[in-house]
Every structure is written in C-alpha cells, then in structure tokens.
> 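Below: one structure in structure tokens.
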Amino acid sequence: MTGAGEDFEAARLTVRLGAIVANYRTYCRMTGPCAVAAVVKADAYGMGAAAVAPALAGAGCDTFFVARLAEGVALRGILPQARIIVLDGAQADAVPALLTHRLIPALNSLSDIAAWSAAANAARTTLDAVIHVDTGMNRLGLAADELAILSGQSAARLSGLNIVLVMSHLACGDEASPMNAQQLSRFKQALAMLPPAPASLAASHGAFLGMEYHFDLVRPGVALYGANPQNTAQNLMQPVAILTGKVLQIRGIDTGDSVGYAATFRAKRPTMLATVALGYADGIPRTLSNTGAAAIAGGRAPIVGRVSMDLITLDVTGIDVAPGDEAELLGDTVSLSEVAAAAGTNEYEILTRLRRMPRVYEGRAGQTT
Ligand SMILES: *Cc1c(COP(=O)(O)O)cnc(C)c1O
C-alpha cells in the first residue's frame, strides 16, 4: 500500500471504515441477542483486513473468520485477543501454525478432528474447535456418514477438544429456495447428534431468512462491505468501496470513428471521450466493455469500447469534463450491485478483484494507509 493517498495516484480505492462498522451494527440490531462474527477472508473481501478487522473489533466484534491459515496468522498479528476461525480446516501440516498462533480450525472431516484432537492430547491440554457439518453445499464440512460415525463415538473422537461452535453453510441463502428449509432441518438434526454447543448457519443473506436461521452466531461477510443481502429489497447496507480514476485526456471524435482495441465501438454522432486511468489490471472487469458506466462531473457516462489494461474510455458528450477530474466507477452513484450485473458477475468478485488497488481509508482518525 505504499504511496496510498498521495496526489500522484491516478486511481484509488477509498474504503469507508465507518460504513463497515455501521453495516456490522445493522446486523447486531437485526439479529440480537445472537452474536455477530465478521468474515474477513480474501483480505476482507479486498478492503484490507489490517484496517478493517481493528475497526470491527473496536465496534465489539470478537470473532473473525478467515479462509486460509496464512490469513489467520496475519490477522493474529493484528488482533492479539480475538477469536480467529480458519475455515480451511486442520490438515496435519497446518496444526503447528494453528497452535502457535492460537487459531481455531473449522474441522471439516474426521481426519481434521483426529489431527486436532491428537494435538490437544499430545500437549495435554484442551483446544477450542469448530465443527463444520455439510448440509447440502457439498464443498467443505463433515458428510452425513462422517457425522454418524462422530455421533456414535463423540467422547473418544472429540477428546481434548472444546467445541466452541457447530456450523454449516447455506448454498442458496440469497434466494427463496426450498434448499434453505432443507438445510435448516439437516442442521438441526446434526446439532441433535453432537454434544451441546453454540451453533451458526447464516452468512450475510441467510440472516435475512428469519430468526430460525440465526442460532447463536451469524457470520456476514460481503454485506459488511456494502453488498445488498436482500436481492429483492432496498439495500440496508451503506456503500463501503469507492473506486475512482482520473481523467487523463479528453478528445472529440467524429461520426463513424472507432474507440479502443478491436474498434468495438463506433460513434453514431460527434462524441466527446474521456480516457480514465483505470483498467483490467486494476480489477475493472473486461466484461464492462461497452456496457458499464461511470459517474463524472455530476453526470453519468457510459464506458465505450473495450476496457484495456490500464485505461477505459467514457462517452462524456454533453458533460463538462476536464483532464484531472475523477470518474467514479463504483460508489454512491454507481452501486456495487449495478456494476456486478453489468459485468455479468456477483458483488463478491467485483470487490475482491480490487484487492491490489492503492487504498485510502476514511473513518480512522488521522490516518490514511
Ligand atoms: C464466505 C463465507 C461466509 C460469509 O459469506 P457472505 O455471503 O460473504 O456473507 C460465511 N461462512 C462461510 C463458511 C463462508 O465460506
């Protein structure tokens, strides 16, 4: 993040920490008394875990989920006290680092459980653990046959382990799918087969399916970063990621002139173009070629021609634009869900593609990094 916030930067990602905290509090209000953890995998969905996690901890969040062991190790350096859960599991080669950094693995299989229990017994101690059961996602977590084995031999297999959470993950939490009720029912059956422990099923979208999906802990990720957790309703989350690029050059072209690689856009009238310093190397999806839009100088300008590596071209005809003006590709005017739809992807991918952008943080006293 060297140089972030300096004036010479042609493009930047502004991250509103205050909005992340406000979005977190919205979940707390909605799901209380249930606890709210924060998912900060993929560098907090591209927003920068080193700044995001302390802001959330300051708002009272004490449980964080990461995907990779390395993410957990890095987060431990930032949050010495927090409960950090590593979703990837406890494969035998991960155990030493999990122990050293006091990370809690989500145990995804009988072999994860065996490795973690062996580590507890070898150290003559009790280790916290999360059990992840699969209820239909078929990605990570104990399968039904493994759960049955565990249930029959839980005292032996869980020896040395303190189960702090039993969790599962919804496949269709963002839709009104019959799979949600089915997974809910399978999850309740799984809980009945295991020793009593706090439970968690819902992520960002699942928390909006109703109280019965909340259990003891909800674990939102993408909504904390501004995505709409209710596809069919107004977005209750505040925008977090503001992506802007400077106009490098303005030019007028004539009817019939083309723009960009492969000349995929041809002007139907005399057209003013603004070339902006953002491209696919910055995380702008190339699929926004000839479909996306930007907010600039109080107007809205369509992206014309192909998105290239470092540049995009906007049709700014009729808008009063000058070199040095900033175009907003994502933010208050061009919403995350709009960009995702135009690019043919989801909000998650739009956010995480931005992880290498120079970032400026708003809402952290006196600091920009
Ligand atoms: C990524 C993830 C989450 C967070 O999901 P969002 O849809 O971003 O809220 C929660 N739980 C698990 C297991 C995940 O992998």
Side-chain angles (χ1 to χ4, degrees), residues 23-24 26-39 41 61 63-65 67 83 85-89 104-110 112-113 129-152 154 157-158 161 163-224 227-233 235-237 346-348:
N23 294 339
Y24 176 76
T26 297
Y27 271 87
C28 294
R29 271 196 307 278
M30 190 182 85
T31 60
C34 161
V36 182
V39 180
K41 62 195 181 193
C61 181
T63 302
F64 294 82
F65 286 84
R83 197 159 73 152
I85 297 165
V86 177
L87 291 166
D88 276 359
I104 305 177
L107 303 172
N108 292 320
S109 63
L110 290 178
D112 275 7
I113 291 173
V130 171
I131 294 181
H132 184 178
V133 296
D134 181 71
T135 53
M137 182 78 160
N138 285 317
R139 192 179 63 165
L140 285 177
L142 275 89
D145 56 341
E146 290 190 298
L147 180 64
I149 293 169
L150 177 62
S151 178
S154 65
R157 288 189 181 258
L158 298 177
L161 302 186
I163 306 305
V164 296
L165 194 69
V166 177
M167 62 172 275
S168 189
H169 194 47
L170 296 172
C172 307
D174 60 347
E175 324 166 29
S177 161
M179 225 172 132
N180 293 322
Q182 190 181 60
Q183 286 194 266
L184 177 63
S185 135
R186 285 188 190 152
F187 187 54
K188 286 179 180 163
Q189 285 165 26
L191 293 176
M193 292 168 72
L194 292 169
S200 175
L201 180 60
S204 295
H205 299 84
F208 281 87
L209 294 172
M211 289 257 306
E212 68 270 33
Y213 287 82
H214 292 173
F215 294 91
D216 302 294
L217 179 91
V218 296
R219 9 172 254 277
V222 77
L224 300 179
N228 187 353
Q230 298 170 282
N231 292 341
T232 54
N235 193 357
L236 299 176
M237 302 297 132
N346 62 12
E347 294 155 305
Y348 301 75

> Assess whether side-chain contact (heavy atoms from CB on, under 4.5 Å) is satisfied between Ile104 and Leu165, documenting all intermediate values.
CA-CA 10 Å; Ile104 305 177; Leu165 194 69; over 6 Å; no
> Taking the side chain from Ser154 and the backbone from Leu194, do they hold a donor-acceptor pair closer than 3.5 Å?
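Between the backbone of Leu194 and the side chain of Ser154 there is no qualifying donor-acceptor contact (under 3.5 Å).
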> I'd like to check Leu236 versus Tyr27 (side-chain heavy atoms, cut-off strictly below 4.5 Å). Are they in contact?
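Of all side-chain heavy-atom pairs linking Tyr27 with Leu236, none is under 4.5 Å.
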> Please check this pair: side chain of Arg186 against backbone of Thr135, looking for a donor-acceptor N/O pair closer than 3.5 Å.
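Pair found, side chain donor or acceptor close to backbone of Thr135.
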> Is the backbone N or O of Gly221 less than 3.5 Å from a side-chain atom of Ser204, with the two atoms forming a donor-acceptor pair by type?
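A pair under 3.5 Å: yes.
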> If you define the side chain from C-beta out and look only at heavy atoms, does anything of Leu158 sit under 4.5 Å from Pro195?
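Yes, their side chains come closer than 4.5 Å.
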> Mind listing the closest non-hydrogen atom pair of Ser200 and Phe215 along with its distance?
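Looks like N-CB, 4.3 Å.
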> CG of Asp216 to CG of Leu201: how many Å apart, nearest 0.5 Å?
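Rounded to the nearest 0.5 Å, the CG-CG separation comes to 11.5 Å.
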> Can you tell me how far apart CG (Asp145) and CD1 (Ile149) are? Round to the nearest 0.5 Å.
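Between atom CG of Asp145 and atom CD1 of Ile149 there are 6.0 Å.
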> When you look at Leu150 and Ile131, which way does the side-chain contact (heavy atoms from CB on, under 4.5 Å) test go after all the steps?
CA-CA 11 Å; Leu150 177 62; Ile131 294 181; 4.2 Å; yes
> Specify the closest pair of heavy atoms between His214 and Ala207, including all atoms of both residues, with the distance to one decimal.
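Minimum heavy-atom contact is NE2-O, 2.8 Å.
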> If you define the side chain from C-beta out and look only at heavy atoms, does anything of His205 sit under 4.5 Å from Leu170?
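Side-chain contact under 4.5 Å: no.
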> Can you measure from CG (Asn138) to NE2 (His169) and round to the nearest 0.5 angstrom?
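Result: 13.0 Å between the selected atoms.
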> Any side-chain heavy atom of Met193 within less than 4.5 Å of one from Val166?
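When only atoms from C-beta onward are counted, Val166 and Met193 do not touch, as no gap falls below 4.5 Å.
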> Using 0.5 Å steps for rounding, measure from the CG atom of Leu110 to the CZ atom of Arg157.
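Rounded to the nearest 0.5 Å, the CG-CZ separation comes to 5.0 Å.
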> Could you point out which residue of Ile113, Leu140, Val130, Asp134 forms a side-chain contact (heavy atoms from CB on, under 4.5 Å) with Asn108?
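Result: among Ile113, Leu140, Val130, Asp134, Leu140 is the only option passing the side-chain contact (heavy atoms from CB on, under 4.5 Å) with Asn108.
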> Measure across Met179 and Ala171 and return the closest heavy-atom pair with its distance rounded to 0.1 Å.
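The pair with the smallest heavy-atom distance is CE-CB, 3.8 Å.
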> Val36 and Cys61: which non-hydrogen atoms are nearest, and at how many Å?
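Answer, listing the atom of Val36 first, then Cys61: O-SG, 3.9 Å.
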> Side-chain contact, heavy-atom cut-off 4.5 Å: Gln183 with Tyr213?
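Side chain of Gln183 against side chain of Tyr213, heavy atoms only: no contact under 4.5 Å found.
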> Backbone N or O of Asp174 within a donor-acceptor pair of the Asn231 side chain at under 3.5 Å?
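The answer is yes, because a donor-acceptor pair under 3.5 Å joins these two groups.
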> Glu146 side chain to Ser109 main-chain N or O, any donor-acceptor pair under 3.5 Å?
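Checking the backbone N and O of Ser109 against the side chain of Glu146, no donor-acceptor pair under 3.5 Å is found.
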> Nearest heavy-atom pair of Ile163 and Ala197: which atoms, and what distance?
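Shortest heavy-atom separation between Ile163 and Ala197 comes out as O-CB, 3.7 Å.
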> Nearest 0.5 Å please: distance from the NE2 atom of His132 over to the CE atom of Met137.
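The NE2 atom of His132 sits 8.0 Å away from the CE atom of Met137.
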> Less than 4.5 Å apart, side chain to side chain, heavy atoms only: is that true for Leu191 and Pro196?
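With C-beta onward as the side chain, the pair stays apart.
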> Identify the two heavy atoms, one from Thr63 and one from Arg83, that lie closest to each other, and give their separation to 0.1 Å.
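The answer is OG1-NE, 3.2 Å.
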> CD of Gln230 to CZ of Phe208: how many Å apart, nearest 0.5 Å?
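Result: 4.5 Å between the selected atoms.
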